[in-house]
Amino acid sequence: MGPVGLPSRGTPFRATSEEITMTTKIKLPRRRIAWVIAAVLGLGLPGLARADAVTDWNATAGSVAPRFGGPQQQSRAMAIVQIAIHDALNAINPRYESYAVVPAASASASPDAAVAAAARGVLLGLLDTVPDSQLKTDAIATVNNAYNAALATIPDGTAKSQGIAAGMNAADAILTLRASDGSATPHLPYTDSPGPGVYQPTPNPEFPAVITPSFAGWAHVTPFALHSASQFRVEPGEIFDLASESYTREYNEVKQVGDALVRGGAPDSEESDIARFWPGGGSNWNLTTRLIVAGRGLDLWQHARLFALLNIAEADGHIANQDSKYTYKFWRPVTAIRWADDGNPHTTSDPGWRPFLVTPPYPDYPCALPTATGTSAEVLRRFFGTDDIAFDRTFNAGAVPLPPPLASLPVKTISRHFDSLSEAASESANARVFAGIHFRSGCKAGVRLGKQVGRFVIQHSLKPLK
């Protein structure tokens with residue numbers, strides 16, 4: 001049986017970005033048939049601007065998700081939205097296991113009305129807990145405008161009313177289920193004393209401005225599908241031994257390729273572009289998945305299941321990631337490289353060294369962005385039965401402050417091509433090393449963790465009914 005409640009065994013900084021264009025090609029191993037799809041965000045292309053109610057509401061939810069906080073909080077919100085949509089549709093026509101217990105709806109209920117009501121109910125319910133601001137007001141308006149536009153296309157009558165009721169029931173069910181999941185306390189005091197290998201607050205981008213350690217409490221959020229946050233806790237890294245060959249190699253690698261002066265001095269190099277691309281929009285797997293499914297012929301129920309699985313996996317990936325991060329509390333490159341003497345004669349310190357990008361507010365090992373990428377890639381890989389999903393993405397990556405004598409880098413349009421999901425996951429790991437904010441081992445561990453979480457979610461959640 002799929003989950004009908006919380007698992008019984010479980011207990012930001014943001015880079016601004018704008019997607020410009022994207023294309024994809026999916027190769028099926030046997031028939032070698034390819035679909036080529038393109039979408040332009042904001043402008044749209046004929047036939048792709050409005051794929052269906054599920055993908056439309058995924059886009060709307062993604063546009064307001066930053067109001068919920070950092071990547072961890074956004075992933076939770078997206079999972080709740082997509083679960084409600086999935087459950088609302090399966091209340092009308094039960095084709096897959098529901099996540100929550102939702103009353104059965106009439107088979108004649110409008111699916112599009114159900115999707116709209118489910119998404120709106122969740123988003124407004126979650127926004128209700130966000131402190132008041134103009135951004136919150138704008139987000140509420142965005143949701144209500146999308147809802148009114150969606151309902152305006154559905155003829156008034158019993159089917160519409162029944163669909164709205166089904167969506168509201170699904171939203172209420174998942175909101176109630178997640179009301180006390182631990183997410184209200186995302187941060188905990190960090191008091192570990194400085195020492196070799198020990199994570200400490202990092203510069204933002206330079207002291208005295210500081211990045212405060214955050215999201216230690218996220219390790220205690222109840223997962224959506226995993227039995228516990230520690231179910232796939234990563235093994236200790238070889239780099240934890242500061243005298244080891246592994247640590248020496250990775251220390252000197254990130255010190256060289258992730259140096260703000262090196263990357264800033266070569267702003268158009270592939271390494272600099274990769275570092276900026278991933279936090280600048282490449283890690284938005286909801287958007288990438290909307291691209292991948294466009295033109296594939298999947299119906300509402302299939303889309304709803306895929307996006308629910310994708311976001312459950314990413315949400316659980318973030319929970320598992322913070323569990324491992326705050327278990328090991330391994331220091332970031334900027335702390336390591338500035339440390340006067342780590343006891344290793346082959347790791348020369350540099351008190352003025354600065355990473356290319358600002359360091360995220362939590363320990364190094366394992367890396368969060370590759371974890372999220374690993375979960376999404378694995379769900380897509382198993383859903384479509386192939387790793388050979390090629391796509392192109394183009395984003396406006398945000399400006400990058402640099403230390404003197406270099407001037408800050410302006411916003412830049414960056415395009416990347418991937419021949420497969422595995423290639424994308426591997427590049428996401430490279431990106432964090434080129435950014436100067438992670439040792440390589442932590443990035444690889446993140447991809448492996450994400451793959452384990454993604455596999456578990458798709459094997460145990462929202463399975464087809466027989």
Side-chain angles (χ1 to χ4, degrees), residues 17-19 39-69 73-89 91-92 109-130 132-157 159-175 281 284-291 293-294 298-301 303-304 306-308 310-311:
S17 65
E18 178 184 356
E19 171 138 346
V40 180
L41 190 67
L43 299 178
L45 291 177
L48 293 181
R50 186 183 188 279
D52 68 21
V54 172
T55 54
D56 282 352
W57 277 101
N58 178 264
T60 298
S63 72
V64 303
R67 303 288 72 78
F68 301 115
Q73 292 146 317
Q74 292 181 43
S75 70
R76 172 183 178 269
M78 291 298 294
I80 295 173
V81 170
Q82 297 302 152
I83 287 170
I85 289 173
H86 168 87
D87 284 0
L89 287 173
I92 297 170
S110 165
D112 284 357
V115 169
R120 176 179 181 267
V122 166
L123 288 169
L124 294 186
L126 295 176
L127 285 167
D128 188 56
T129 67
V130 174
D132 290 338
S133 69
Q134 185 58 49
L135 290 173
K136 173 181 175 177
T137 300
D138 293 344
I140 292 172
T142 295
V143 173
N144 282 328
N145 289 341
Y147 180 73
N148 292 333
L151 291 191
T153 67
I154 304 170
D156 291 336
K160 182 176 183 177
S161 299
Q162 290 173 335
I164 292 172
M168 292 176 63
N169 286 338
D172 289 344
I174 187 60
L175 285 172
N284 184 343
W285 281 92
N286 276 288
L287 199 157
T288 297
T289 302
R290 293 198 302 273
L291 160 69
V293 301
L298 302 180
D299 64 22
L300 285 177
W301 276 256
H303 277 164
L306 173 58
F307 281 99
L310 184 84
N311 285 283

Next on the checklist: In the structure I gave you, are the side-chain heavy atoms of Ser75 and Asn311 within less than 4.5 Å of one another anywhere?
Outcome noted: no
Next on the checklist: Give me the atom names and distance for the closest heavy-atom approach of Gly167 to Ala88.
Outcome noted: CA-CB, 3.9 Å
Next on the checklist: Taking Gly69's backbone N and O only, do any of them form a donor-acceptor pair with Gln74's side chain (distance below 3.5 Å, no angle check)?
Outcome noted: yes
Checklist entry - Closest approach of Val115 and Ala53, non-hydrogen atoms and distance? => result CG1-O, 3.7 Å
Checklist entry - Can you tell if the side chain of Leu126 reaches within under 4.5 Å of the side chain of Arg76, non-hydrogen atoms only? => result yes
Item to check | Exercise: identify the closest heavy-atom pair between Ser110 and Ile92 | outcome: O-CD1, 4.1 Å
Next on the checklist: Could you tell me if the side chain of Leu287 sits less than 4.5 Å from the side chain of Arg290, heavy atoms only?
Outcome noted: yes
Item to check | Leu127 side, atom CG; Arg120 side, atom CZ - distance, nearest 0.5 Å | outcome: 11.0 Å
Checklist entry - Just wondering, do Asp112 and Thr153 contact through their side chains at under 4.5 Å, heavy atoms? => result no
Checklist entry - Is the closest side-chain heavy-atom distance between Tyr147 and Trp57 below 4.5 Å? => result yes
Next on the checklist: Donor-acceptor pair, distance only, cut-off 3.5 Å: does the side chain of Asp128 make one with the backbone of Leu124?
Outcome noted: no
Item to check | Euclidean distance, Asp299 CG relative to His303 NE2, rounded to 0.5 Å | outcome: 8.0 Å
Checklist entry - By salt bridge (charged side-chain N to carboxylate O under 4.0 Å, His left out), which residues pair with Asp156, not counting sequence neighbours? => result Lys160
Checklist entry - At their closest point, which heavy atom of Ala171 faces which heavy atom of Ala118, and how far apart are they? => result CB-O, 3.6 Å
Next on the checklist: Using 0.5 Å steps for rounding, measure from the CD1 atom of Ile80 to the CD1 atom of Ile174.
Outcome noted: 6.0 Å
Next on the checklist: Taking the side chain as everything from C-beta on, heavy atoms only, tell me whether Leu306 gets closer than 4.5 Å to Val293.
Outcome noted: yes
Checklist entry - Are any side-chain N or O atoms of Thr129 and backbone N or O atoms of Gly125, one a donor and one an acceptor, separated by less than 3.5 Å? => result no
Checklist outcome for this item: Closest non-hydrogen atoms of Gly62 and Pro66, given as atom of the first, atom of the second and distance, are O-CD, 3.5 Å
Checklist entry - Taking atom CG of Leu89 and atom CH2 of Trp301, what is their separation to the nearest 0.5 Å? => result 5.0 Å
Next on the checklist: As an exercise, state the distance from CG of Asn145 to CD1 of Ile140, rounded to the nearest 0.5 Å.
Outcome noted: 11.5 Å
Item to check | Residue pair Asp52 / Thr55, side-chain donor-acceptor N/O under 3.5 Å | outcome: yes
Checklist entry - Does the side chain of Arg67 reach to within under 4.5 Å of the side chain of Asp138, using non-hydrogen atoms? => result no
Item to check | Distance, nearest 0.5 Å, that separates CE of Met78 from CG of Asn286 | outcome: 4.0 Å
Item to check | Nearest atoms (heavy-atom pairs only) where Ala117 meets Ile164 | outcome: CB-O, 3.4 Å
Item to check | Any side-chain heavy-atom pair of Ile85 and Val122 under 4.5 Å | outcome: no
